[in-house]
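Nothing here was measured: the structure is a model prediction, and the numbers come from that model. In what follows, every chain begins at residue 1, and chains take the letters A, B, ... in the order their sequences are listed.
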Protein chains: 2
Amino acid sequence: MVSIVSVAKVAGVSNKTVSRVINGEPYVTEETRERVERAIRDLGYVPNMAARQIRSSRSNTFGIIADYVSTTPYSVDIVRGIQDWANANGKTILMANTGGASEQEIKIWKLFQSHRIDGVLYVTMYHRIVDPETGDVGIPTVMINCRPRTGELLPSIEPDDYQGAQDLTRYLLERGHRKIGYIRLNPILLGAELRLDAFRKTIGDFGLGENDLTIRLGMEGPVGAEKNYVFAAATEMLQQKDRPTAIMSGNDEMAIQVYIAAMALGFRIPEDVSIVGFDDFRTVSQALKPELTTAALPYYNLGLEGAELLNSVVAGTEVCPSRRVVSCKLVERTSVCSL
Amino acid sequence: MVSIVSVAKVAGVSNKTVSRVINGEPYVTEETRERVERAIRDLGYVPNMAARQIRSSRSNTFGIIADYVSTTPYSVDIVRGIQDWANANGKTILMANTGGASEQEIKIWKLFQSHRIDGVLYVTMYHRIVDPETGDVGIPTVMINCRPRTGELLPSIEPDDYQGAQDLTRYLLERGHRKIGYIRLNPILLGAELRLDAFRKTIGDFGLGENDLTIRLGMEGPVGAEKNYVFAAATEMLQQKDRPTAIMSGNDEMAIQVYIAAMALGFRIPEDVSIVGFDDFRTVSQALKPELTTAALPYYNLGLEGAELLNSVVAGTEVCPSRRVVSCKLVERTSVCSL
DNA sequence: TTGTACGCGTTATCAA
DNA sequence: TTGATAACGCGTACAA
C-alpha cells in the first residue's frame, strides 16, 4: 500500500512535509505543496486512518448501539440523521444492533472499546425508558429516542409526543369535532402515556368532559408479540349510538385497521368519520386513501441533533446531562373534515 | 490507555507472549496463559484494532455502500443480515449511504479506502440494475439486490422475483381463480418485469389466455416522486362486468389501496375478491384485515449470503463472478379464498 | 520553511 | 516455549 513515505520519496521531500500538506498546515511553499500534491495524485495515495488514530489516540469515530432501530421501518431515519451529520463533520460511524439481547450489548461495548470509539449514541426503536448496559466503560454516551431510568445521568434527546398529540387534538377540536375516539398505543411505549395525557388534557382544557371521549386499548404485550385489538376496538367504537365523529389512532399503522373497520361498516372517510394517525410513517400515511393526517415524529432531527450533542459531550463543551425534546410536526392531509 | 506492554509487565512476560495468548496461538504454557489472562482482566485490557490493522494490513472490515437502503422500511433487513454475519465472524461493518448522489458515492469509496476496507457490499433499496461508481478502486465488491449493467463483472446476489410471483400465481390458480387482475409495480424496478413475466407465463402454462387477465399499471415515475394509480386501477378493475375474483398487487404497500378500493365498492375480502401482495412487508401485511397473503422477499438472507460471498471473494476462494438468486417464500395468511 | 528521530500498539521474524 | 527487536503509517518535538 502506498504510504506517506513513498509520496515523500517521489516528491523529493521529507515525510513530515507530506504530512503538512495533507493536513493543510502552514509553512509550506506553494511550489513544494504542488509537488507533493501531484505525487499524491500520481500514486493514488489515501491516508491510513488506523495509523492516524494510533498516533493521535482519537478515532474520530462514533458508535451507534441500537436495539432494533436499523432493522425496523420506523426509526431508520434516526440513523440517517446521524450518518448525515457524521458525513458533514468528518466522523466515522460504527453501527451495531443488540437485537434486544443484553449479552450482545456487552459484546458491542467491547467492540467499540477495541475501536477506541470517541462516543456512543444509544438508540432505540420505540420511544422508551431503558437501562443501558454500558459495560461500565467510561465512553461518553447520548441517548436517542429513549431515556435512562432515574439514577443514571446520561444526556438524552427525545421526540415531543405530548406536543404532537396536543396539536392533533386541537386540530380536530378546531374543526368542530366534539365526540372523539382514541385508540391507545401499547402501554409499554413511552409515547402511549404521553400522547394519551395530551389528548385528555387538551380535551379537558377545551371544556369537554370524559363522556365526550371513547378511549380503547389498541395493542398490548411485549414488542414483537403484541396482541392486536385495533380492528375490534374501532368497530365497536363506531357502532355506539353516540359514535365519535373523529378517531385518533395511536399511530399510523393502527390507522390502517381503523380505516378498514370504518369502511366495513359503510362509513366514508372523512365525511362520516375523520381519522388521524401519529408518526407520519409515510409508507402507510401516503398509501391510505384518503391520505392520512398525522404528526411526524422528528426522527431525522433526533439523529442529527443527537450526534451534534454527543460531539459537544466528547469535546467537553456540554456540561450537565441535559434532556432535550424535539417537536413533532403536524402533517395535514385529507383524512379529516370540518363539521 | 492500557496496552499490550502494560499487560506484559504485570504478567511478567514479553509482549509477544501476551500477543500469543490474545490470538490463541500455540506454544504457551497453561500456567503462562493464565497469568497473562489474569493480567488482562485486572487491567481491563482491550486490543486496539487500529494498531492491529497497521501491522497486519488487514482491517477485517467490510463496507456497506447503499443508496437509501438503511433509510427505508423495505430493505433494512439486508443490513441486519450483513451485520449478523459480521458479528458472528468477527468482522466490523462500516456503513455509508449515497442518498442517490454519485459525488457522495465517490467520497464514500475514498472513505473506505482510507479505512483499508477488505471488501465492499453494494446494496440497493429496490431490486435494480446499476452502474456502480467504484471510483476505480480495486476493492473486492459484491452487489446485493442489484446487478451491474452488462460490461462490469461483479458478483451479485438477488431475490428471485420470478419464482415468487410464479408461486403466488399458482397459489391463486390452485384455489380455483380463473379471472385474475394484476396491478403492476413501477416499471423502473427490476422486480416489475420479472414478476409480471412470471404471472403471464404461469397463467399461460395453465391454459388460460390474455382475456382472462386484467393488467393495469399501478405506479410510474422516478423513485420518491412516483405517480400513483393504484386506487383508480383497482376500482376500475373491480367495476368490470367480468370482474376478477382475485387481484395480485405489485407489492404489499399497493395492496392497501386495493383493499380500500374493494371495500369502498362494498366487496368483502376474501369472499368477493381475493388479494395477494408481494414483499411481506409485515407492517402492512399483518396490519391489513384480513391479513395479507404474500411472497416474502428474502432480504435477511440476501445480506447474510452476500456477506458470506464477499468473504469468499476477499479470501480468493470465489473465482468467477457469479450471479446468485435467493428464493422468495410464500407466506399464507387469510386474504385468499378458494372458489 | 524543512527535515530527523522517535513513539503509538500491534504482529512478525528469528534467535534463545 | 519464550523473548528481543524490527516494522507498519503517521504525527510530534525539536533541530536545522
Between [atom2] on [N] and [atom1] on [X], what's the gap in Å once rounded to a whole number?
X: A:I4; N: D:dT12; atom1: CD1; atom2: P; result: 11 Å
X: B:N48; N: D:dC8; atom1: CG; atom2: P; result: 18 Å
X: A:R35; N: C:dT2; atom1: CZ; atom2: C1'; result: 11 Å
X: B:I54; N: D:dC10; atom1: CD1; atom2: C1'; result: 7 Å
X: B:E25; N: D:dT1; atom1: CD; atom2: C1'; result: 13 Å
X: A:E30; N: C:dT1; atom1: CD; atom2: P; result: 11 Å
X: A:M49; N: C:dG9; atom1: CE; atom2: P; result: 20 Å
X: B:K9; N: D:dG3; atom1: NZ; atom2: C1'; result: 15 Å

Which atom pairs link the protein and nucleotides 3-5 of chain C when you take only N or O atoms and keep those under 3.5 Å?
{"unit_1": "C:dG3", "atom_1": "OP2", "unit_2": "A:S14", "atom_2": "N", "d": "3.0"}
{"unit_1": "C:dG3", "atom_1": "OP2", "unit_2": "A:S14", "atom_2": "OG", "d": "3.2"}
{"unit_1": "C:dG3", "atom_1": "OP2", "unit_2": "A:T17", "atom_2": "OG1", "d": "2.7"}
{"unit_1": "C:dG3", "atom_1": "N7", "unit_2": "A:R20", "atom_2": "NH2", "d": "2.9"}

Original post:
Is there a donor-acceptor contact under 3.5 Å linking the side chains of A:T61 and A:H115?
Top reply: no
Subject >> Flag for A:K9-A:N15: side-chain donor and acceptor within less than 3.5 Å >> reply: no
Would you say [X] places a side-chain N or O within less than 4.0 Å of OP1 or OP2 belonging to [N]?
X: A:S57; N: C:dC8; answer: no
X: B:Y27; N: C:dA16; answer: no
X: B:T29; N: D:dT1; answer: no
X: A:N23; N: D:dG11; answer: yes
X: B:R52; N: C:dT11; answer: yes

**OP:** I would like to know whether B:Y122 and B:E105 meet side chain to side chain donor-acceptor pair (under 3.5 Å); could you show each step before the answer?
**Re:** CA-CA 11 Å; B:Y122 192 99; B:E105 194 164 340; 3.0 Å; yes
**OP:** Take the C1' atoms of the five end pairs on each side of the helix from C:dT1-D:dA16 to C:dA16-D:dT1, derive the two axes, and give their angle rounded to 10 degrees.
**Re:** 40°
**OP:** Find out whether A:I93 and B:L94 are in side-chain contact, i.e. whether some heavy atom of one side chain is under 4.5 Å from a heavy atom of the other.
**Re:** no
Subject >> Donor-acceptor pair under 3.5 Å, A:R55 side chain vs D:dG9 base >> reply: no
Subject >> Heavy-atom neighbours of A:R33 CZ exceed 12 at 6.0 Å >> reply: yes
**OP:** Enumerate the residue pairs fulfilling salt bridge (Lys or Arg N to Asp or Glu O under 4.0 Å) with a member in residues 15-32 of chain A, sequence neighbours excluded, ordered by first and then second residue.
**Re:** A:K16-A:E25, A:E31-A:R35
**OP:** Could you tell me whether B:S3 contacts a base, only the sugar-phosphate backbone, or nothing, with contacts defined as non-hydrogen atoms closer than 4.0 Å?
**Re:** sugar-phosphate
Original post:
Which one of A:H127, A:R128, A:R324 satisfies the side-chain hydrogen bond (donor to acceptor under 3.5 Å, both in side chains) criterion with A:E158?
Top reply: A:H127
Subject >> side chain to side chain donor-acceptor pair (under 3.5 Å) evaluation trace for B:Y300 with B:D84 >> reply: CA-CA 9 Å; B:Y300 184 82; B:D84 282 0; 2.6 Å; yes
Original post:
Picking from B:N311, B:V123, B:V120, B:L121, what satisfies side-chain contact (heavy atoms from CB on, under 4.5 Å) with B:V142?
Top reply: B:L121
Original post:
A:S59 side chain to A:R116 main-chain N or O, any donor-acceptor pair under 3.5 Å?
Top reply: yes
